[in-house]
Each structure stands twice: as structure tokens, then as C-alpha cells.
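Following: one structure in C-alpha cells, then a few remarks.
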Number of protein chains: 2
Amino acid sequence: MDSSKITERGRLTRQRIIEATGEQILASGIGGTTLDTVRAATLTSKSQLFHYFPGGKAELVREVAAWEGRQLLEAQEPEIHDLGSWESWERWRRMLVEYYIARGRWACPIGSLATQAATTDSELASAIATTMRDWREQLADGVRRMKAAGSVDSSADSQRIATVILAAIQGGLVLSQPERSAWPLEAALDNALAPLHHVATTR
Amino acid sequence: MDSSKITERGRLTRQRIIEATGEQILASGIGGTTLDTVRAATLTSKSQLFHYFPGGKAELVREVAAWEGRQLLEAQEPEIHDLGSWESWERWRRMLVEYYIARGRWACPIGSLATQAATTDSELASAIATTMRDWREQLADGVRRMKAAGSVDSSADSQRIATVILAAIQGGLVLSQPERSAWPLEAALDNALAPLHHVATTR
DNA sequence: TCGTGATTGGACTTCATGGTCCATTCTTAG
DNA sequence: CTAAGAATGGACCATGAAGTCCAATCACGA
């Protein structure tokens, strides 16, 4: 990460490589993504790939994971920092489904990376786990705000609810993929959010 | 699958290859599993691999997927064919978690294959999708039995509930993996089963 | 016993892919 | 204007993994 010796032009090239690699990984998996196809897609040369990512493919993939993680969390702004009311949760839910639909493929850039990386690259796996934890923490904060607002019973376990919601997203996407439809994702997500809604409306 | 020209000895060898490959895939993914490592683990030779799986690695992986799918459904017997009462669901839940714990790794042989295969081998992907559909259908049958028994409101959507449960399993495992614990899986699963329990007890 | 076909062993070939290297061009500070 | 260093091009190398091939061995029925 020594960005001192990099020009604006170089930074753009580097970013172009990361994004193209991310798209290819989402489309064909890590194994199905080769440096040659990345090179072709970005109109760069081998030397550039190793110039910007001295660690080779492994480092490139890690950078992709970091970038995708940031993108994913940013896509949930600003709602993810609210989630203090049922309406906010509903907006968040809509934005998230929108995000996945926009990507075209029914896969979470982080979730599918997690499955693929768990076995091969432990460093990558832990980086992804960190993103997951951040994400879960932000959702748990939202649940806490609901509790503070009295919209959710104070005995509720924020961490647990956040985990259930995240699991619903990941699992919903697994089932949405072959179905080529958002409905499994939406069904799973709605069911996971039910505790929030339910308590909020029946009180 | 012309089994006419295969002896018992050959059948055993073939099966040994399938099981060893399955273990390696679960541990290292499809890409991390090579014919050489399979050969080493099974004390066989290259020619045997191609003798029993003329289609090469692709065919071998498909056979593994089919076998793992059968194993997974069998592991849920006999409860999966009952599920007509809350007690049966509870037994089924316990058996399923037990199955994943016993495998050591927090991954579903079918779910993780689905993620990896979706992109590379469309034939494999559709075979896996079929297993998923079977599974979901059996769960949906269970929900229908609950409805028939009056334990679940007749307006409930069996398919939807089954999908939500499956998503909870898959997503729960994604989160259990980095956590190295069953609790995310159990939390997600329990939340997905809540509708069945809830209605059953509050009536 | 004998022979046919299944089974097995393992060397060899081919090819994709990650990675190295050096020459060339571009950019910018002084 | 010019030199230093960043950026780029692309040939080349090394390796690992899939797949081929032929010879050797085993097992069972006639």
C-alpha cells in the first residue's frame, strides 16, 4: 500500500484492474478468472498486473475482496446507519434487494467469495470474515436502536437477530441463483425481519 | 452408467474414488482438488480414474454431487418423511445439525458445490438445483402435513416456508464457517422454524 | 486349464496459467 | 530541455494438472 510512488494515471489503471477482476470473479469464480482474461478485459499487460499487485493473483483477489466489501456496505448507505424505525428497515431492505438485482447475478460478492476462499487462502478468508462482522455489527446497532426506541422488546438479543438477518440474505441468494428470481431472497429476508416488525406492530 | 461390465471389485474402487473426491472437495473446493491428489488418496492410477469416469474430472465431480445429494437426504431419514408434528420437526432439526457437526467442516456439500458450480459447469449446476428442489419439496410436504393436522394455519404458503427454512440452513452455514461454531446455523434455523412452532402453540 | 475382458500401473503429452524479465514509452520535476 | 522514475508492452519461462496410451495383471466362466 505504498501509494507514494503512484501517479493518478497509475491509480486509475489499478482501479480498473480491480473492478474488472471483481466482475469476472462474480461471473466465473476465482478459479475461472485468469490473469490473461483480466489483462484482456482491461487492455493492460502482464507487467502492469504485477507492477500494481506484486503479490500476484492472490494479492489482487484480496484487493478485490476489500473493495467489494466497501462497495457492499456503501450501497446500504445511508439507511444502514439509521435502522431505528421499521420504516428505515423497510427502506434498507428495498435498497439491498435493489443492489443485488442491479448486479445481474444472484450472488453476494462477499458471501460467494467467503465460500470459495474458506479453503484456499486463509488470509483472504479472515479479511472477508472481518467484513461480515462489520456488517453484522451495523445491523446489530440498528436492532439496538429499535430496542432503545421501544420498538423491540428489550430482552431481544441484538447480535442474534443480526446474525439471523445476515444468514437470510446469504441463504436467500443461494436459493435465488438457480431460481433466477429475487423471491427466495425476499422471502427469507422478510421472514428474518419479521421479529422486528411483529413486535413493533403488536404492541 | 452402464454397470453391466463392471465387477464388484470395480464398483468398490469406483465408490472409493467418489468418496475420497467428495472429502477433498469439501475440504479444498473443486479447484483445490486434483486428479493427482485423488489418485494418491485412493491408491489408484490415472487410468483407473478415466476408466471409471470417461468424462474426466467433470464427470467425476458430477458423480460426487449426485452421491453427496443422496447422502444428505438419507441423513435426514426418517424424520424428513414425517414432519407432521412439531416434535418431528424438532427431531429433524437435531439430526440435521448433528449431520453438519459430524462432517467437521461448516459447509453444506450441496450448498457449497452450488456456489462453486453455478459459474463453471451448467450441467452440474442443474443437477444440484434438482437436489435442492427435491429437498425443498420434502420440507414443503412436511409443512403441508402440519396444515393437514391443523397445526399450521391453512393459509400458509408451504413452498415459501420450505424455502425460508432451506435458506436459513444455507445462510446459517455460511456464517458458521468463520465462527467455527454451530450457533449461527442454529439461530437461523430456529428463527425459520418459528412460524411452525409459533402458530402451533398459540392456538 | 485357458482365454477373454475387466482392472490396474504409470510413463508421456499437451496445454493453460501464474509469474519473470527487459526493453520501450510516457510524465513530470528541476 | 532533460534526466529519473513511473507506466507499459509483450516475449519468455516454469509448473502443475488434465488427459492419452499401452502394457501388465487379475478374475471368472467355459
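Order of the sequence lines fixes the chain letters, A, B, ..., with proteins taken first and strands second; residue numbering starts at 1 for each chain. All heavy atoms count here, side chains included; hydrogens, waters and symmetry mates do not.
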*Please list, chain by chain and in numerical order, all residues satisfying side chain to side chain contact (heavy atoms under 4.5 Å, CB included) with B:Arg133, sequence neighbours excluded.*
B:Ala129, B:Thr130, B:Arg136
*Output the residues of residues 39-50 of chain B in contact with DNA chain C, where contact means a heavy atom of the residue under 4.0 Å from an atom of the strand; sort by number or write none.*
B:Leu43, B:Thr44, B:Ser45, B:Lys46, B:Ser47, B:Gln48
*asked:* Can you measure A:Arg14 atom CZ to D:dT8 atom C1' for me and round it to whole angstrom units?
replied: 17 Å
*side chain to side chain contact (heavy atoms under 4.5 Å, CB included) involving A:Arg144 - partner list, sequence neighbours excluded*: A:Glu137, A:Ala140, A:Asp141, A:Ser158, A:Gln159
*Whole-Å distance between C:dT8 P and B:His51 NE2?*
7 Å
_Closest approach to the side chain of A:Lys5, judged atom by atom: which nucleotide of C:dT8, C:dA6, D:dA6 is it?_
D:dA6
*With the threshold set at 4.0 Å, does a side-chain nitrogen-carboxylate oxygen contact exist between A:Glu79 and A:Arg93?*
no
*Mind calculating the distance between CD1 (A:Ile30) and P (C:dT17) to the nearest angstrom?*
15 Å
*Which whole-number value in Å describes the distance from B:Ile17 CD1 to C:dT7 C1'?*
11 Å
*Does A:Trp92 have any side-chain hydrogen bond (donor to acceptor under 3.5 Å, both in side chains) partners at least two apart in sequence or in another chain, and if so, which?*
A:Gln76
_Where protein sits on nucleotides 23-30 of chain C, one letter per nucleotide: B base, S sugar-phosphate only, - none, heavy atoms under 4.0 Å_ = ---SS---
*Using the test salt bridge (Lys or Arg N to Asp or Glu O under 4.0 Å), find all partners of A:Glu74 that sit at least two apart in sequence or belong to another chain.*
none
*Grab the two heavy atoms, one from B:Ser181 and one from B:Trp106, that are nearest each other, plus how far apart they are.*
N-NE1, 3.7 Å
*List in chain and number order the residues that pass side-chain hydrogen bond (donor to acceptor under 3.5 Å, both in side chains) with B:Asp134, two or more places apart in sequence or in another chain; answer none if no residue qualifies.*
none
*asked:* Run the side-chain hydrogen bond (donor to acceptor under 3.5 Å, both in side chains) test against B:Asp157 and tell me which residues pass, sequence neighbours left out.
replied: none
*asked:* Expressed as a whole number of angstroms, how long is the span from A:Phe53:CZ to C:dG18:C1'?
replied: 15 Å
*Please determine, for the side chain of B:Tyr52, which listed nucleotide (D:dA18, D:dT8, C:dT7) has the closest atom?*
C:dT7
*asked:* Can you list everything that forms a salt bridge (Lys or Arg N to Asp or Glu O under 4.0 Å) with B:Arg94? Sequence neighbours excluded, please.
replied: none
_Selection: residues 31-38 of chain B, any non-hydrogen atom under 4.0 Å of DNA chain D_ = B:Thr33, B:Thr34, B:Leu35
*Who are the side-chain hydrogen bond (donor to acceptor under 3.5 Å, both in side chains) partners of B:Glu123, not counting sequence neighbours?*
none
Using atom types as modelled, flag every donor-acceptor pair under 3.5 Å from a side chain in residues 33-45 of chain A to any protein atom, sequence neighbours excluded.
| unit_1 | atom_1 | unit_2 | atom_2 | d |
| --- | --- | --- | --- | --- |
| A:Thr33 | OG1 | A:Gln24 | O | 3.3 |
| A:Thr33 | OG1 | A:Ile25 | N | 3.4 |
| A:Thr33 | OG1 | A:Gly29 | O | 2.8 |
| A:Thr34 | OG1 | A:Asp36 | N | 3.4 |
| A:Thr34 | OG1 | A:Thr37 | N | 3.1 |
| A:Thr34 | OG1 | A:Thr37 | OG1 | 3.4 |
| A:Asp36 | OD1 | A:Arg39 | NE | 3.3 |
| A:Thr37 | OG1 | A:Gln24 | OE1 | 2.7 |
| A:Thr37 | OG1 | A:Thr34 | N | 3.2 |
| A:Thr37 | OG1 | A:Thr34 | O | 2.8 |
| A:Thr42 | OG1 | A:Val38 | O | 2.7 |
| A:Thr42 | OG1 | A:Arg39 | O | 3.4 |
| A:Thr42 | OG1 | A:Thr44 | OG1 | 2.7 |
| A:Ser45 | OG | A:Ser47 | OG | 3.1 |
| A:Ser45 | OG | A:Gln48 | NE2 | 3.2 |

